[in-house]
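Chain naming here is simple, since letters A, B, ... match the order of the sequence lines and numbering starts at 1 in each. No hydrogens, no waters, no symmetry mates; every other heavy atom, side chains included, goes into these values.
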Amino acid sequence: MTASFMILALLTVAGMAAAMGLRNAVHCVLALTVGFAGVAALYLQLGAQFVGLTQIMVYVGAVAILAVFAIMMTHSPEPVKQPAFSSQWFVGGIVAASVFAVLAWAIHSNAAFTQGLPPQPEVTVHQIGDALMHHFVLQLEIMGLLLTAALIGAVVIAMGHEEEMK
Amino acid sequence: MTHLAQLAQELDQIFVLAAHWLLSYLPAALQPLCSAILSVAAIIIVFATLFALTTWLERKGLGRMQNRYGPNRVGPFGMLQPIADGVKSLTKEDIVPITADHAVHFLAPVLLVTASFMDYAVLPIGRNMVLVNLNAGVLFFFAIGSMMELAVFMAGWSSRSKYTLLGAMRAIAQMISYEVPLVLASIVVIMQAGSLSTVSIVNMQATYSGIWPHWFVFTPWGFAGFVLFMVAATAESNRSPFDLPEGESEIIAGYYTEYSGFKFALFFLGEYIGMFATSGMAITLFLGGWSAPFSFLTWVPSYVWFFAKLLAIISVFIWIRGTLPRLRMDQLMNLAWEFMLPMTLLNLLTAGIWHFMPAGSSRWLVCSTMVVVPCILLSRGLKHRKKFQVRTYHYSE
């Protein structure tokens with residue numbers, strides 16, 4: 001466990017915790033972005049450049065902006081006057097603790113944990129591209145089709161709205 | 001002769017050698033850290049100086065185009081104006097609106113400047129002169145670039161002013177729209193080079209046939225890609241004619257209206273640094289990075305070529321700013337989605353065909369036609385639909 005890992009993990013956890021705890025919705029999204037960036041930095045630290053940079057591009061560059069816009073356009077910027085903790089925080093705590101316990105047990109009982117990690121593979125972007133274009137090309141195409149359908153759907157909804165306005 | 005060649009080579013590597021020499025005095029454990037700090041400091045100093053030079057050059061150039069002198073009071077030809085401006089912005093009162101969201105208001109310029117400087121990490125500004133050679137360098141560049149939108153939003157939202165909010169909305173809408181053609185225009189180079197590493201992209205272009213270099217801009221798809229990339233880059237850096245987010249006559253200074261003193265200067269800095277970085281990426285991808293334009297000029301140090309190209313692009317930016325009027329919001333969006341996007345997609349196809357056709361003049365003919373004809377048809381078609389007419393102003397008659 002290196003120092004950089006500790007810093008990044010703290011940053012990620014702090015960001016995610018702030019995203020749940022802060023009162024102002026826009027602050028929450030900004031804190032969430034810090035969390036996303038922390039996760040991306042963890043990927044980079046593990047040597048997964050493509051995944052890490054894509055995480056920044058998609059989550060920090062697109063998802064955060066989208067969320068911020070959605071909040072700004074639908075929600076008043078005033079903080080909501082509700083207590084930060086839900087009345088059922090105890091139940092939530094139990095669920096969270098049990099999920100954590102299951103994950104920790106699964107990782108702990110894994111062979112890789114006891115026998116030590118296998119040597120880190122050198123995965124270049126080139127190999128990822130090759131895999132996507134040869135082995136996983138069908139999956140990639142299906143994803144593309146799905147996203148295109150979503151895009152067309154969004155355009156259709158937006159167009160209908162425009163006609164109503166006229 | 002060999003002596004001269006060796007001298008040229010040493011001059012080319014002078015900064016790398018100097019860094020090695022400095023580091024050799026340090027214990028081995030500290031060397032990686034100090035090497036990184038040294039390179040980062042060099043990048044910050046060099047590009048901040050270039051920023052100061054550019055503000056002076058821009059004001060002089062615009063002044064020349066508008067029949068006035070430009071700055072001419074501080075130093076010879078007003079050259080010390082940037083220093084005076086710096087001192088002024090440092091000594092000015094830092095006003096934060098009472099209603100502003102103080103933490104976010106403070107963090108926005110910090111994030112903007114940090115993100116724009118981070119772009120330089122993957123730009124090869126000379127032979128062996130790159131901070132990190134990531135094998136996903138181009139992806140890193142665009143990922144960091146997308147962080148700037150968040151800084152713009154933070155500035156606009158936290159100021160609690162209608163001008164800043166409108167400016168931020170315009171800026172983000174524009175940056176998101178033009179990021180698509182920006183990335184798609186650069187993909188042609190990645191397809192051809194087969195690599196996302198900026199260093200290997202430049203190395204591929206730094207070879208010569210006869211005296212001519214193998215820059216990607218000297219191919220039909222490369223030329224189209226370069227033009228599209230530069231148009232998108234102009235919009236990305238909010239420069240005229242795409243300066244709607246900060247159009248002075250419309251929304252004061254856009255998203256940074258409520259900033260004063262040094263924070264305003266930081267926004268200014270961030271914007272210019274971002275512009276240099278995008279221009280540097282255009283040089284890396286299309287104009288051969290640090291490589292010389294002719295094979296007999298390779299003795300000139302590589303970093304000289306990089307900065308010469310950068311200054312040339314900056315001059316074009318200034319020239320365009322002094323020449324073109326600002327677009328309207330709908331024109332801006334139409335240009336991005338109706339012209340730029342189809343052209344970049346078509347350019348991808350052209351690059352693919354170029355790759356699979358045998359080298360020769362037939363390849364040139366087919367690919368040039370594929371770029372030029374749709375460009376003319378598309379622009380004519382869009383123009384036809386818009387029904388442009390000569391505008392006559394009521395009072396000018």
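- In this structure, CG on A/Leu66 lies 7.5 Å from CD1 on B/Ile176, to the nearest 0.5 angstrom.
- The part of B/Met154 that comes within reach of chain A is its side chain, from C-beta onward, which places non-hydrogen atoms under 4.5 angstrom from that chain.
- Of the atoms belonging to B/Leu165, it is side-chain heavy atoms, and not backbone ones, that fall under 4.5 Å from chain A.
- Summarising the local packing, CE of B/Met340 is surrounded by more than 12 heavy atoms from other residues, nucleotides or ligands at distances under 6.0 Å.
- Here the shortest heavy-atom pairing between A/Gln49 and B/Ala136 reads OE1-N, 3.2 Å.
- Rounding to the nearest 0.5 Å gives a distance of 12.5 Å between CZ of B/Phe142 and CG of A/Leu53.
- Only the side chain of B/Phe153 comes within less than 4.5 Å of a heavy atom of chain A; its backbone N, CA, C and O stay farther away.
- When A/Thr33, A/Ile65, A/Thr54 are compared by the number of non-hydrogen pairs under 4.5 Å with chain B, A/Ile65 comes out ahead.
- With a 4.5 Å cut-off on non-hydrogen atoms, B/Leu196 touches chain A through its side chain but not through its backbone.
- Closest of all the heavy-atom pairs between A/Ile56 and B/Ala143 is CG2-O, 3.6 Å.
- Under a cut-off of 6.0 angstrom, the local environment of CG in A/Leu103 is crowded, with over 12 non-hydrogen atoms contributed by other residues, nucleotides or ligands.
- Among residues at least two apart or in separate chains, ring pair (Phe, Tyr, Trp, His ring centres under 6.0 Å) pairs with a member in residues 23-44 of chain A are A/His27-B/Trp157, A/Phe36-A/Tyr59.
- Heavy atoms of A/Leu30 lying under 4.5 Å from chain B belong exclusively to its side chain.
- At a 4.5 Å heavy-atom cutoff, the contact between B/Ile172 and chain A is made by side-chain atoms alone.
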